[in-house]
Chemist: 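Take this structure first; my questions come after.
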2 protein chains.
Amino acid sequence: MPDTDDRCETLCLHPEAITRAREALADEEALFDAAELFRTLGDQGRVRILTALSAAVLCVCDLAEILAMSQSAVSHHLRLLRAAKLVRPRKDGKNVFYSLDDEHVRLLFRTALDHVREE
Amino acid sequence: MPDTDDRCETLCLHPEAITRAREALADEEALFDAAELFRTLGDQGRVRILTALSAAVLCVCDLAEILAMSQSAVSHHLRLLRAAKLVRPRKDGKNVFYSLDDEHVRLLFRTALDHVREE
DNA sequence: TCCATATATGAACACGTGTTCATATGTCGA
DNA sequence: TCGACATATGAACACGTGTTCATATATGGA
């Protein structure tokens, strides 16, 4: 339970700043979804899957082999990535080929890599 | 332990695709850091903190009040955000004011919100 | 100097999550 | 139709993580 009772005796900032911050937080659902998206991206295995898929369309079995992960682990990850609309499956006989779903992923990765490399 | 032994009998794709995927995965450290960055962003509390800070420079106490979180929880989150170079503290007397550290955060959020809204 | 306030941090605990194992589903070939 | 293979999925378990509580540090005011 958050202790909303104790607050600053004197708020540090102008009320307008507080108001602007509150307005930015208005769309709670979108913020929750964004956090969920980042959480989906916040795993090394899934980052590696998406990176591989950014270079080539691959089936589950190839992914497992390239990434040295079990087929089961790869499938579980792909399930989350599908739910987040980050990858798209295309069935072909016994195989299922995965590709990136849209360009947002690439931009997110480029930006993240820029950030972690620039220090 | 990943079972790298069992692989596709016949790999699904051209060897060049496999090679391209492997090359994309070469910089393991950067990929790990990117995953860590996304993990830091993958929490509703921290998303809300960053959103508030994108609208105004705020001290810890104001953040706690605006977000209806305990001061302790906010501080713990800010610690992670500092480590990820996402926010920057400025000390002023008893207060510490936080602001976004660079423009990468804004771009990441814009892109993430675009993604979750476009379905 | 002493106290109140603002922030940071460590410990403990509850909860979510990634992995493995086992198994189900579905498809091709014999 | 039957068996081998590719993929998906549920259960169980080990581990990481966010919260709270207690406390430490530091700064300003009386």
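Throughout, protein chains are lettered first and strands after them, A, B, ... in sequence-line order, and every chain is numbered starting at 1.
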Chemist: Give the rounded distance in Å between these two atoms: CG of Leu63(B) and P of dA8(C).
Modeler: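 Going from Leu63(B) (CG) to dA8(C) (P), I get 10 Å.
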
Chemist: Distance check needed: dT19(D) P versus Met69(B) CE, whole Å only.
Modeler: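 These atoms are roughly 5 Å apart.
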
Chemist: Is Ser70(A) side chain donor-acceptor paired with the dC21(C) base, going by distance under 3.5 Å alone?
Modeler: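 It does not, because no donor-acceptor pair links the side chain of Ser70(A) to the base of dC21(C) below 3.5 Å.
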
Chemist: Taking all heavy atoms of Arg20(A) and all of Ala55(B), pick out the closest pair and write down the distance.
Modeler: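 Reported closest heavy-atom pair: NH1-O, 2.6 Å.
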
Chemist: Per the atom types in the model, does the base of dT9(C) pair as donor or acceptor with the side chain of Ser72(B) at under 3.5 Å?
Modeler: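 Such a pair is found, so the answer is yes.
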
Chemist: Please report the closest heavy-atom contact between Leu63(B) and Ala52(B), naming both atoms and the distance.
Modeler: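 Closest heavy-atom pair between Leu63(B) and Ala52(B): CD2-CB, 4.0 Å.
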
Chemist: Taking atom types as modelled, find out whether Asp114(A) and His104(B) have a side-chain donor-acceptor pair closer than 3.5 angstrom.
Modeler: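 No - no donor-acceptor pair under 3.5 Å links their side chains.
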
Chemist: Closest to the Asn95(A) side chain: dA6(C), dG18(C), dT7(D)?
Modeler: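 Between dA6(C), dG18(C), dT7(D), the one nearest the side chain of Asn95(A) would be dT7(D).
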
Chemist: Hey, is the side chain of Gln71(B) pairing donor to acceptor with the base of dA6(C) inside 3.5 Å?
Modeler: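 No.
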
Chemist: I'd like to compare against my own output: the B/S/- annotation of nucleotides 25-30 of chain D with a strict under-4.0 Å heavy-atom distance to protein.
Modeler: -SBS--

Chemist: In this structure, how many angstroms lie between the P atom of dT17(C) and the NE2 atom of His77(A), rounded?
Modeler: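 Answer to the nearest Å: 13 Å.
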
Chemist: From the list dA8(C), dT17(D), dT20(D), which nucleotide is the closest neighbour of the side chain of Arg82(B)?
Modeler: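 So the nucleotide nearest the side chain must be dA8(C).
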
Chemist: His77(A) pairs by side-chain hydrogen bond (donor to acceptor under 3.5 Å, both in side chains) with which of Arg82(A), Arg48(A), Arg46(A)?
Modeler: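 Of Arg82(A), Arg48(A), Arg46(A), side-chain hydrogen bond (donor to acceptor under 3.5 Å, both in side chains) with His77(A) is met by Arg46(A) alone.
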
Chemist: How is Phe97(B) classified with respect to the nucleic acid when contacts are heavy atoms under 4.0 Å: base, sugar-phosphate, or nothing?
Modeler: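 Counting heavy atoms under 4.0 Å across all strands, no contact is made by Phe97(B).
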
Chemist: Give a yes-or-no answer on whether the side chains of Ser75(B) and Gln71(B) include a donor-acceptor pair shorter than 3.5 Å.
Modeler: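 Side chains of Ser75(B) and Gln71(B): pair found under 3.5 Å.
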
Chemist: What heavy-atom pair brings Tyr98(B) and Val60(B) nearest, and what distance separates the two atoms?
Modeler: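 Looking at all heavy atoms of both residues, the closest pair is CE1-CG2, 3.6 Å.
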
Chemist: Between Leu67(B) (CG) and dT19(D) (P), how many Å, whole number?
Modeler: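 Going from Leu67(B) (CG) to dT19(D) (P), I get 11 Å.
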
Chemist: Would you indicate, yes or no, if dA6(C) has its OP1 or OP2 atom less than 4.0 angstrom from a side-chain nitrogen or oxygen of Tyr98(B)?
Modeler: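 It does not, given that no N or O in the side chain of Tyr98(B) lies less than 4.0 Å from OP1 or OP2 of dA6(C).
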
Chemist: Give the rounded distance in Å between these two atoms: CZ of Arg48(B) and P of dT19(D).
Modeler: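 It is 10 Å, rounded to the nearest whole Å.
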
Chemist: Given dG16(C), is OP1 or OP2 found less than 4.0 Å from the side-chain N or O atoms of Arg39(A)?
Modeler: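 No, because none of the side-chain N or O atoms of Arg39(A) sits under 4.0 Å from OP1 or OP2 of dG16(C).
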
Chemist: Val47(A) pairs by side-chain contact (heavy atoms from CB on, under 4.5 Å) with which of Leu37(B), Asp33(B), Leu31(B)?
Modeler: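 For Val47(A), the side-chain contact (heavy atoms from CB on, under 4.5 Å) test succeeds with only one of Leu37(B), Asp33(B), Leu31(B), which is Leu31(B).
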
Chemist: Can you measure Phe38(A) atom CZ to dT17(C) atom P for me and round it to whole angstrom units?
Modeler: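 About 17 Å, once rounded to whole Å.
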
Chemist: So does Glu29(B) have more than 12 non-hydrogen atoms from other groups sitting under 6.0 Å from CD?
Modeler: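 Result for CD/Glu29(B): open.
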
Chemist: Stacking here means centres under 5.5 Å and planes under 30°; does His76(A) stack on dT9(D)?
Modeler: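 The ring of His76(A) is stacked on dT9(D).
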
Chemist: Could you tell me the separation between the CZ atom of Arg79(A) and the P atom of dT25(C), rounded to a whole number of Å?
Modeler: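 Whole-Å distance recorded here is 15 Å.
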
Chemist: Measure CG/Leu78(A) against P/dT19(C) and give the value in whole Å, please.
Modeler: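 After rounding, the reported distance stands at 12 Å.
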
Chemist: Can you identify which nucleotide, out of dT20(D), dA8(C), dG18(C), has its nearest atom closest to the Leu80(A) side chain?
Modeler: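 Of the candidates, dG18(C) comes closest.
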
